[in-house]
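Quick notes on the structure that follows.
Computed from a predicted model, the values in this text were never measured in an experiment.
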Amino acid sequence: MNIAVKIALAAALSATSLGGYAYAQTTGSVTPMADDMVTIVNVGEETNAATDTSSIPATYRNPSPESITKAQAEIQNDPALMATLQAKNVILENVIGIQTAANGGKIVYLK
């Protein structure tokens, strides 16, 4: 992977944890997720789990069928996340993993 792409990805991932957003908790209702609380990472097919040294965890570079199913089910059970991903033109079948960031946002990995 190109060094410039690695730096851009690292900067994007580190910036999401510095957001410092606070949301009040509500009971029984769904709080819409702000667009900046969802980061889309395209893993791509060119990565090699054995030799790739990128910042993408190996779990998402070489996902198991169970983890893919779990991630897609999580999206289907979260209307706010589903709406945010639809607005970003993400196709559910391309989702291979979801990670929750330190600030509560989601990192969605695509194939």
Side-chain angles (χ1 to χ4, degrees):
M1 189 180 336
N2 188 337
I3 190 74
V5 174
K6 287 182 184 179
I7 292 172
L9 180 61
L13 291 175
S14 66
T16 59
S17 65
L18 299 176
Y21 296 99
Y23 290 99
Q25 258 186 324
T26 59
T27 55
S29 66
V30 176
T31 304
M33 190 172 293
D35 282 346
D36 51 33
M37 295 291 289
V38 177
T39 302
I40 307 296
V41 177
N42 190 350
V43 175
E45 294 180 4
E46 290 89 25
T47 60
N48 181 345
T51 61
D52 193 2
T53 58
S54 71
S55 61
I56 299 171
T59 305
Y60 305 115
R61 283 185 274 134
N62 191 15
S64 68
E66 294 82 19
S67 65
I68 293 171
T69 302
K70 180 182 173 189
Q72 293 176 0
E74 182 179 340
I75 293 170
Q76 291 175 336
N77 292 326
D78 187 343
L81 180 57
M82 176 71 104
T84 300
L85 293 176
Q86 285 175 339
K88 293 180 180 250
N89 297 320
V90 172
I91 299 170
L92 180 62
E93 291 80 24
N94 290 339
V95 175
I96 58 172
I98 299 175
Q99 185 178 23
T100 302
N103 67 353
K106 300 287 184 181
I107 303 171
V108 180
Y109 294 92
L110 305 178
K111 61 179 171 181

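Partner of Val108 under the side chain to side chain contact (heavy atoms under 4.5 Å, CB included) criterion, chosen from Val38, Thr39, Val41, Asn94: Val38.
Separation of atoms CG (Leu110) and NZ (Lys88) is listed at 10.5 Å; rounding is to 0.5 Å. Atom CD1 of Ile75 and atom OG1 of Thr84 lie 10.5 Å apart (nearest 0.5 Å). Atom CD1 of Ile96 is separated from atom CG of Asn62 by 9.0 Å, given to the nearest 0.5 angstrom. The NZ atom of Lys111 sits 10.0 Å away from atom CD1 of Ile91, with the distance rounded to the nearest 0.5 Å.
The side-chain hydrogen bond (donor to acceptor under 3.5 Å, both in side chains) search around Gln72 returns none, not counting sequence neighbours. Every residue two or more places apart in sequence or in another chain was checked for a side-chain contact (heavy atoms from CB on, under 4.5 Å) with Thr59, and none qualifies. Applying the side-chain contact (heavy atoms from CB on, under 4.5 Å) criterion to Thr69, with sequence neighbours excluded, gives no partner residue.
Annotation: ring pair (Phe, Tyr, Trp, His ring centres under 6.0 Å) contacts involving residues 70-102, sequence neighbours excluded, are absent. Sorted pairs that involve residues 68-106 and meet ring pair (Phe, Tyr, Trp, His ring centres under 6.0 Å), not counting sequence neighbours, are lacking altogether. Under the ring pair (Phe, Tyr, Trp, His ring centres under 6.0 Å) criterion, the residue pairs touching residues 55-98 are Tyr60-Tyr109, with sequence neighbours excluded.
Of all heavy-atom pairs between Met37 and Asn103, the closest is CE-O, 3.5 Å. In plain terms, the two heavy atoms of Glu74 and Ile98 that are nearest each other are OE2-CG2, 3.8 Å. In this structure, Ala71 and Gly97 approach most closely via the heavy-atom pair CB-CA, 3.6 Å.
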